[in-house]
Amino acid sequence: MRLSRFFLPLLKETPSEAQIVSHRLMLRAGMLRQEAAGIYAWLPLGHRVLRKIEEIVRQEMDRAGAVELLMPTLQLADLWRESGRYDDYGAEMLRITDRHERELLYGPTNEEMITEIFRAYVRSYKALPLNLYHIQWKFRDEQRPRFGVMRGREFLMKDAYSFDLDEAGGKAAYNRMFVAYLRTFARMGLKAIPMQAESGPIGGELSHEFIVLAQTGESAVYLDRRILDLPIPDETVDYGSDLAGVVADWTGRFYAATEDVHDPSRFEARTPEDDRVTARGIEVGQTFFFGDKYSKPMKAVVSGPDGVERPAQMGSYGIGVSRLLGAIIEASHDEAGIIWPEPVAPFGVGIVSLRPGDPAVDAACEKAYDALTAAGKEPLYDDTDDRPGAKFAAMDLIGLPWQLIIGPRGLAEGQVELKRRATGERQSVSLARALEIVGA
RNA sequence: CGGGGCGUAGCGCAGCCUGGUAGCGCAUCUGCUUUGGGAGCAGAGGGUCGCAGGUUCAAAUCCUGCCGCCCCGACCA
């Protein structure tokens, strides 16, 4: 992409509504525009990151055996009356009436709808286990939206729903999602720690919150340092095998709790003083196993091998896709701007032309642009007439992993400059060598 | 939902107390000069002062109501 053809409305000054660093940086980097409290338009740069995150989530869900579908944003109130949650949910649920006076709601989650779909088609244990997921916009009418995408009202969420015949099957499904979550967040460059959680309005007794550690996190967390060194299952993990051991490693060995459920005396009893860490965290996902909480009232039953019908054992598994943008920035930035982990960066390499119009500079930039494009590195080529200083500041702000700086001075000596955004490290090398280093 | 604050040009703000018909910086546009870490000079465009009433010869300014947004708390993916 040529910057002169892109839409990247950078702000030099910080809009006054933005309080936390991720919100400020997303606005300044031209990723996001607020349209109403907690409701945002995703500008091209933000949209590219959103899609990258979504794709990682999708790949890991598919790998774990989940099947993607897409449910609507609007749901009938009657469906929610079946589970009893229409009245329970309160003012957080956005309720809408159509021209026929039909009561609708903008879905805050989809347990009822997925259960309705399941019961319409699935009758036999032979179709199980089944895990269906979608990535869709949700709406929760927060009393006080804040922190940009970290706590918006409209947000993009991946939610998966597992169906099994019995509790053992349901817990195995839970474990598969648990492992998939470890992998998903790790692939985005995040340390997300599963912590014992309250299950809130979703219900159920088995639940974990996945918490990203960041100094600016919304809530305090307490954990055993050693949990940070536990290995993440690699891509060869066998989702057909028993994963209870992996889950037990992450949940049973070391203390980790959010402030809501923190128990100081247990923390001190289980964790040596030197390993006790108090930090702040951002919740990016939550897993629930809730058995027949929805399947029973909604009559989603399957026949077992014995011919007896019983309610499906269900779990649900959410990831805050749009919130992850904020969480990643909170965990990865400096004074100059964002530092994107490579897998979610909107572009892989920024090419900075220090003198557009100079034949040698133009030729070198074009060559780099073609090579990087061909190698799938998704370059962003700053071919504008801005001054060098402005270009450097812009590149640092938008946080691409690499900056390839090409100017007449260096080219005269056969060199370009390659800068690593994360470390600030620069090296002067030949263009060919620079392309080799970034993998083109 | 309790408490507080703010709505003036795309962004950041001053002006309001003490009414006299709107200003600064950045950004934008034009020209010239510049060009390796957010350039300089000269000129230009852009605002029903959140909305609706009211007071007044006159309202950004005073009064009333409404709307929107932000912050602290309670609550939450």
Side-chain angles (χ1 to χ4, degrees), chain A residues 9-20 23-24 27-28 30 33-39 89-93 107-111 135-160 181 197-202 207-212 218-219 258 260 281-288 316-327 335-337 352-358 361 382 384-397 403 405-413 415-417 419 424 426 428:
Chain A
L10 301 180
L11 303 178
K12 203 185 248 182
E13 291 171 286
T14 301
S16 57
E17 76 258 22
Q19 238 16 241
I20 63 165
H23 191 194
R24 285 204 298 268
L27 293 173
R28 288 196 52 216
R33 176 167 179 82
Q34 178 165 324
E35 294 295 343
I39 299 177
Y89 227 89
E92 249 191 25
M93 178 146 61
T109 177
N110 285 65
E111 279 84 6
I135 299 174
Q136 177 63 292
W137 292 93
K138 304 286 193 294
F139 197 92
R140 292 186 193 172
D141 199 359
E142 296 281 347
Q143 292 172 8
R144 192 185 158 206
R146 57 183 137 175
F147 305 147
V149 298
M150 301 274 287
R151 189 171 170 194
R153 291 194 293 172
E154 187 182 52
F155 56 97
L156 187 62
M157 181 174 170
K158 184 285 299 177
D159 40 325
Y181 275 32
E198 289 177 327
S199 55
I202 310 271
S207 179
H208 291 92
E209 288 180 353
F210 285 72
I211 305 282
V212 168
E218 61 202 331
S219 59
T258 62
D260 303 333
I282 300 161
E283 183 189 341
V284 291
Q286 187 162 6
T287 52
F288 304 88
S316 74
Y317 316 91
I319 288 180
V321 174
S322 48
R323 165 180 273 204
L324 272 165
L325 279 268
E335 311 72 43
V352 179
S353 171
L354 293 177
R355 186 86 52 93
D358 178 295
V361 173
D382 187 347
T384 67
D385 289 327
D386 281 341
R387 303 173 63 79
K391 293 188 174 194
F392 294 140
M395 277 296 167
D396 285 348
L397 175 61
Q403 296 171 19
I405 299 157
I406 300 177
R409 211 181 279 176
L411 277 186
E413 293 165 18
Q415 303 215 305
V416 299
E417 187 174 305
K419 175 177 166 181
R426 306 141 184 259
S428 286

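The sequence lines fix the lettering, A, B, ..., with proteins before strands; numbering per chain opens at 1.
Within 4.0 Å of A:Ser322, counting heavy atoms only, lies no atom of the nucleic acid at all. Across all strands, A:Gly152 comes closer than 4.0 Å to base atoms (heavy-atom distances). Within 4.0 Å of A:Lys419, counting heavy atoms only, lies at least one base atom of the nucleic acid. Nucleic acid contact class of A:Arg33 (heavy atoms, under 4.0 Å, all strands): none.
A donor-acceptor contact shorter than 3.5 Å links the side chain of A:Ser207 to the backbone of A:Thr287. The main-chain N or O of A:Gln19 is found under 3.5 Å from a side-chain atom of A:Arg24 such that the two form a donor-acceptor pair. Of the possible polar contacts, none joining the A:Lys158 side chain to the A:Val321 backbone as a donor-acceptor pair under 3.5 Å is found.
Looking at residues two or more places apart in sequence or on another chain, you find a salt bridge (charged side-chain N to carboxylate O under 4.0 Å, His left out) between A:Arg153 and A:Asp141. Take A:Glu218 and apply the salt bridge (charged side-chain N to carboxylate O under 4.0 Å, His left out) test, not counting sequence neighbours, and it matches A:Arg323. Residues that satisfy the salt bridge (charged side-chain N to carboxylate O under 4.0 Å, His left out) test with A:Arg151, not counting sequence neighbours, are A:Glu142. Partners of A:Arg144 by salt bridge (charged side-chain N to carboxylate O under 4.0 Å, His left out), not counting sequence neighbours: none found.
Comparing the same atom, P, in B:G43 and in B:A14 gives a spacing of 28 Å after rounding to whole Å. Between B:C70 and B:C26, the distance separating the two C1' atoms is 22 Å to the nearest Å. Nucleotides B:C57 and B:G5 have their P atoms positioned 33 Å apart, rounded to a whole Å. Across the C1' atoms, B:G54 and B:C13 are found 30 Å apart, a figure rounded to whole Å. Taking the P atoms as reference points, B:G10 lies 23 Å from B:C16, given to the whole Å. B:G45 and B:C29 are spaced 16 Å apart, taking the P atom of each and rounding to whole Å. Taking the P atom of each, B:G65 and B:C24 are spaced 36 Å apart, rounded to whole Å. Using atom P as the reference point in both B:G15 and B:C6, the two lie 12 Å apart (nearest Å).
Both A:Asp396 and A:Thr14 lie near RNA chain B, and the one whose nearest nucleotide falls closer to the 5' end is A:Thr14. Residue-to-nucleotide proximity on RNA chain B shows that, of A:Met157 and A:Leu10, the 5′-proximal contact is made by A:Leu10.
Pairing for B:C6 is with B:G68, a Watson-Crick or G-U wobble pair whose two hydrogen-bonding atom distances lie under 3.5 Å. Summarising the base pairing, B:A77 is matched to no nucleotide, lacking a Watson-Crick or G-U wobble pair whose two defining distances lie under 3.5 Å. If you check B:G46 for Watson-Crick or wobble pairing at under 3.5 angstrom, you find it has no partner at all. The partner of B:U56 is absent, by the rule that a Watson-Crick or G-U pair needs both atom distances under 3.5 Å. With a cut-off of 3.5 Å on both Watson-Crick or G-U wobble distances, the partner of B:G23 is given as B:C13. The nucleotide B:A39 finds its pairing partner in B:U33, both defining distances of the Watson-Crick or G-U wobble pair being shorter than 3.5 Å.
Put simply, CZ on A:Arg153 is 11 Å from C1' on B:C69, counting in whole angstrom units. In this entry the distance linking CG of A:Asp382 with P of B:G38 reads 15 Å, nearest Å.
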For nucleotides 23-36 of chain B, 5' to 3', base contacts (B), sugar-phosphate-only contacts (S) and non-contacts (-) with protein non-hydrogen atoms under 4.0 Å give --BSS------BSB
Once base and sugar-phosphate atoms are separated, protein heavy atoms under 4.0 Å mark nucleotides 70-75 of chain B, 5' to 3', with B, S and - as SBBBBB
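None of A:Asp386, A:Leu397, A:Val352 except one satisfies the side-chain contact (heavy atoms from CB on, under 4.5 Å) rule with A:Phe392; the exception is A:Val352.
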Check the pair A:Leu27, A:Thr14 against side-chain contact (heavy atoms from CB on, under 4.5 Å), reporting the backbone distance first and the verdict last. CA-CA 8 Å; A:Leu27 293 173; A:Thr14 301; over 6 Å; no
From CA spacing to verdict: side-chain contact (heavy atoms from CB on, under 4.5 Å), A:Asn110, A:Lys138: CA-CA 9 Å; A:Asn110 285 65; A:Lys138 304 286 193 294; 3.3 Å; yes
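A side-chain N or O of A:Gln403 and one of A:Asp396 form a donor-acceptor pair less than 3.5 Å apart.
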